[in-house]
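We count ligands from 1, going down the list as the structure has it; atoms in each ligand are counted the same way. Atoms considered below: every heavy atom in the structure, side chains included; atoms not considered: hydrogens, waters and symmetry mates.
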Amino acid sequence: MTNPWKKDFPILHQQVNGHPLVYLDSGATSQKPYSVIEAMTQYYEGYNSNVHRGVHTLGTKATDGFEGAREKVRKFIHAKSVQEIIFTRGTTTAINLVASSYARANLKPGDEIITTVAEHHSNFIPWQQAAKATGATFKFLPLEADGTLDIAKIAEMITPQTKIVAIHHLSNVMGTVQPIKELAQMVHAVGGVISVDGAQAAPHMRVDVQDLDVDFYQFSGHKMMGPTGIGVLYGKKSLLEQMEPIEFGGEMIDLVDLHDSTWKELPWKFEGGTPIIAGAIGLGAAIDYLESVGMDIMEAHDRKLATYAAEQMSQIEGLTIYGPKSERTSLVTFNLDDVHPHDVATVLDAEGIAVRAGHHCCQPLMRWLKATATARASFYLYNDESDIDALVKGLKKTKEYFGHVFR
Ligand code: 7TS
């Protein structure tokens with residue numbers, strides 16, 4: 001059966017290096033459906049204007065589009081209020097906001113920030129630096145060999161010293177989904193907060209911030225069929241209210257006096273300067289598209305593909321797969337014999353197959369895996385089994401080629 005969604009993504013219908021494009025790098029960034037591209041074009045062609053300022057018709061339309069997108073995000077992650085939805089440049093900026101504002105104001109020596117070695121650098125360095133700046137201790141939850149967490153083993157690490165637990169929801173290398181709801185309960189029981197990097201989870205599964213009971217949750221538009229330059233920080237209102245902005249200027253002020261100033265109410269106090277208006281509108285259109293598919297269908301589709309890929313790839317002799325045997329979703333990270341992953345990716349590219357190779361912005365995890373680098377195939381709605389069959393064929397060809405070269 002042909003993939004019913006692929007027709008919605010114009011970029012996928014092209015040849016690369018003389019072969020039909022097989023795009024297996026959605027973990028880095030996803031492709032965009034026509035409806036997202038059109039929503040952004042309509043804004044620029046029809047009502048481009050700044051938001052929250054003018055009373056003129058175009059300005060009002062732009063503000064309605066921008067704030068309408070915020071409401072779509074709220075509904076998408078089931079937040080209580082739009083005041084809890086802060087637009088940022090992406091996941092990285094959203095995490096930095098929490099680490100620079102909340103963490104630096106609330107931590108002191110003796111307090112602990114707990115994370116894992118499997119974090120993307122964007123969910124690692126901001127906390128590492130906040131710990132350094134405040135004298136807090138930076139600690140790591142032990143991971144099982146497949147990247148999962150054993151809740152029973154980590155329970156004793158979460159103590160009244162634990163002020164922040166910062167963790168990924170879905171790993172961009174291992175494909176593991178972490179038990180966020182259980183972790184949130186444990187962290188709250190000792191009076192701490194939990195901040196969750198949802199960059200990979202939000203595109204692939206239904207996220208309900210109230211059900212998970214997370215304090216902060218961050219994700220990027222570009223990984224979920226929206227444009228680059230827009231992302232989201234969800235924060236519980238009670239926490240965001242206590243926090244100081246880290247960017248000052250237009251848009252976020254209430255009153256400015258010579259020697260002091262006051263801020264707008266949530267969410268705007270964290271949105272200094274002219275925001276990414278077309279980006280927010282594009283993200284709103286992406287959410288409409290995702291909802292039209294249904295996040296439950298999406299999750300089942302991406303799990304099925306990741307499982308099929310792991311099964312097929314594990315039959316290639318000399319291929320190592322990282323991450324859990326089952327229960328993986330959306331991606332497979334691997335190495336092929338002693339061939340450098342960049343060489344694997346280069347041979348695959350010659351076949352029109354796009355995969356990512358490198359450390360995936362996870363250097364501590366690469367060290368923990370004892371790998372200098374890995375290759376990764378990541379899947380999304382517009383992929384199907386035929387893409388994975390092409391990958392397996394390409395990998396066999398790569399193996400043959402390098403076997404021949406090295407012999
Ligand atoms: N967190 C995780 C888990 C990620 O996978 C990424 C990006 C980020 C944070 C940062 O997101 P950004 O939108 O702010 O850049 N991950 C990847 C990747 O795996 N390959 O390229 C980018």
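Between F87 and F66, the ring planes lie tilted relative to each other; the angle falls in the 30° to 60° range. Between F124 and F140, the ring-plane angle classifies as parallel under the 30° and 60° cut-offs.
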Under the criterion side-chain contact (heavy atoms from CB on, under 4.5 Å), I'd like the reasoning laid out for W127 against I164: C-alpha separation, chi angles, the key distance, then a yes or no. CA-CA 9 Å; W127 306 111; I164 300 172; 4.0 Å; yes
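For H121 and H359, the gap between ring centers is short of 6.0 Å. The distance between the ring centers of Y380 and H301 does not fall below 6.0 angstrom.
For ligand 1, the protein residues placed under 4.0 Å by at least one non-hydrogen atom are G27, A28, T91, T92, H120, S122, N172, D197, A199, Q200, S220, H222, K223, R356, R376.
Screening W5, F9, Y382, Y34 for a ring pair (Phe, Tyr, Trp, His ring centres under 6.0 Å) involving Y289 leaves a single residue, F9.
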